[in-house]
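See below for the structure under consideration.
Since we're looking at a predicted model, the values are computed, not measured. Here is the naming used below: chain letters follow the sequence lines, and residue numbers restart at 1 for every chain.
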Amino acid sequence: MNCRRVEQVLSDHLEGLLSPRESGAVAAHLRECPACHRLREEYRSLFARMRDLAEQLPVPGPEIERRSIERWLVDQEPAHETWRSQFRISPATARHMRERHLHAAAAATLALAVLGLTQVRWQHRRASGQPPLSSVQRPHSGRPLTGPTLALKLPLPPSDPQSVVSLLRAPDRAGEHGSSARPSLAVGAEERAPGKRSLPSGQRSRQPGADDLHVLNGTPAVPLPPWRAGSPEEWGPIETRVRGAAPVRDDFVYIPFPRVVTPADSQIAAAAESYEREAAVVDTRLAREVTLAIKATALGDVCEHVRADTGIRLEAGSSVAD
Amino acid sequence: VRSQGSVAVGEFQSEPAAELALIQAGKAGDRAALEQLLAPHRRAVVAFCQGMLGCVEDAEDAAQETFLRALRGLSRFRGEATFRTWLFRIAINVCLQWRAAHHSTDRWDEGRDSPVSVAVSPEVIALRHLRLMEALSSLPPRLRALLLLKEWEGWSVAEIALAVRWNPIRVKNELARARRLLLEWQRRDAGEGEER
């Protein structure tokens with residue numbers, strides 16, 4: 001075997017791919033030929049160097065395939081009935097669900113801190129860095145207040161802000177608990193602006209006796225499909241964009257952004273549409289301009305006035321009643 | 001058959017039957033099955049992409065793209081080749097196209113070779129490895145792919161031929177050519193080292 005032939009088959013020889021006879025001939029040549037022997041050592045060195053390089057490569061994490069899977073699943077969404085079925089929960093149904101949640105409550109206490117400025121409004125805003133707009137704020141339920149307070153007692157338990165908003169937006173629902181507990185936060189001497197706005201009846205009324213499963217699925221026999229929650233990273237930018245595009249007209253009301261399944265275009269569109277519909281709602285019962293005429297009135301008298309006007313029992317603490 | 005000097009970067013190769021079951025479940029949207037299907041190939045695919053592209057960041061992006069293309073083509077996978085072979089064929093094309101997007105190179109089955117150099121982050125790889133990585137990058141892309149599959153992944157000539165859809169003889173000849181080119185580089189590198 002000559003050097004040219006050895007050079008051709010040396011790789012195969014090193015890999016053990018040659019026949020025993022041919023491999024023996026190469027080995028014999030390598031023992032006698034310093035140049036080919038050096039070539040073999042160079043190959044071995046090269047292989048070792050490549051092996052070292054491979055071992056030095058960083059070990060990637062599972063996010064590599066997970067991101068790909070996530071992207072593919074999002075692309076696939078319309079093709080999978082399991083996920084498409086989420087569309088069956090319409091915005092109107094979501095409203096029913098929220099009102100249902102409200103009815104699960106038994107009693108609520110709202111505490112209003114009065115700071116005595118000329119305009120009294122109250123707002124609820126999430127801790128988003130926005131400065132408070134009014135001098136009256138409703139703190140989280142159950143938290144004791146310092147300073148002057150005006151208590152509004154409702155036949156509901158401490159509830160979350162969304163429930164309060166729902167309550168305020170659906171006084172007809174809460175009225176089912178009894179007329180004496182009809183909730184309203186109207187404070188002041190101004191009359192309710194008649195006909196200024198009223199919510200469409202379709203958004204308010206529910207068929208009496210309709211159960212949740214019927215509302216959700218139409219047929220109770222159809223089980224709810226499993227939910228797949230979108231991650232905050234997916235939803236954060238979308239929510240910010242939609243909120244920026246659709247300012248809430250009742251600016252003291254916090255409207256929860258619809259939580260849907262995936263950031264697919266169709267669902268974003270449905271969520272944005274739902275949010276914009278909610279954002280456009282202005283309920284004149286939720287805010288009253290308070291003029292200087294009432295500023296000189298004792299808080300106890302204001303409460304009495306509100307009680308006579310709305311039927312809600314308001315109490316001013318003894319330290320601030322006068 | 002694995003060469004004496006090769007190192008398999010992939011952890012293992014799944015059983016074909018189990019792999020097909022995972023593929024079937026994956027087609028139906030089973031996320032866990034898809035993760036189970038792809039995870040064993042993650043390290044090998046990323047390593048291959050790094051060898052092809054020379055940069056770990058590009059390699060991870062290319063690996064993600066490879067997995068995504070594989071998932072999109074999952075319905076067309078018939079099990080004629082192993083999933084690994086099929087996956088690496090996608091990875092090869094992703095890397096060649098990746099380079100084409102940044103350099104004027106071409107796809108596997110078209111055009112001619114054009115040696116290019118790729119910058120490698122010196123923070124990531126030690127100087128010795130850096131030089132070897134540069135040498136790999138200087139190989140024509142198709143030769144580099146063959147060499148990486150052979151030396152890093154420990155593939156047989158037959159499996160490489162299946163992945164790149166070449167005649168095994170051609171694969172063998174091109175592999176020998178790649179090794180010769182790398183060997184010549186190693187000699188030059190050793191000479192420069194002595195001069196330094």
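When each of B/V157, B/L147, B/L68, B/L148 is scored by its heavy-atom pairs under 4.5 Å with chain A, the top score falls to B/L68. Here B/L132 is the residue among B/V45, B/L132, B/L38, B/T66 with the most heavy-atom pairs under 4.5 Å with chain A.
Looking at A/R49 and B/Q186, their side chains come closer than 4.5 Å, going by heavy atoms from C-beta outward. Between B/F67 and A/I64 the shortest side-chain heavy-atom distance falls below 4.5 Å. Between A/D12 and B/K172, the closest side-chain pair of non-hydrogen atoms falls below 4.5 Å. In this structure, B/E151 and A/L53 have side chains that are not in contact, with every pair of non-hydrogen atoms separated by 4.5 Å or more.
Using a 4.5 Å cut-off between heavy atoms, B/L175 makes no contact with chain A at all. Residue A/Q8 does not touch chain B at all, counting heavy-atom pairs closer than 4.5 Å.
Separation of atoms CD (B/E35) and CD (A/E65) is listed at 6.5 Å; rounding is to 0.5 Å. Residue A/S68 holds its OG atom at 8.0 Å from CD of B/E65, rounded to the nearest 0.5 Å. In this structure, the separation between CD on B/Q64 and CZ on A/R71 is 7.0 Å, given to the nearest 0.5 Å. For the atom pair A/I69 CD1 and B/L71 CG, the distance stands at 6.0 Å (nearest 0.5 Å).
When all heavy atoms of B/E60 and A/P60 are compared, the closest pair comes out as OE2-CB, 4.3 Å. Scanning all heavy atoms of the two residues, the minimum distance from B/A47 to A/L57 falls at CB-CD1, 3.5 Å.
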CA sep, side-chain torsions, deciding dist, call: A/L39, B/L183, side-chain contact (heavy atoms from CB on, under 4.5 Å): CA-CA 9 Å; A/L39 182 65; B/L183 206 58; 3.3 Å; yes
In sequence, state the C-alpha distance, the side-chain angles, and the governing distance for B/L136 and A/M50, and then conclude on side-chain contact (heavy atoms from CB on, under 4.5 Å). CA-CA 10 Å; B/L136 278 173; A/M50 285 199 70; 4.0 Å; yes
Under the side-chain contact (heavy atoms from CB on, under 4.5 Å) criterion, do A/V59 and B/R43 qualify, and how do the steps go? CA-CA 6 Å; A/V59 179; B/R43 190 173 180 203; 3.9 Å; yes
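Salt bridge status for B/R31 with A/E70: present, with a side-chain N to carboxylate O gap under 4.0 Å.
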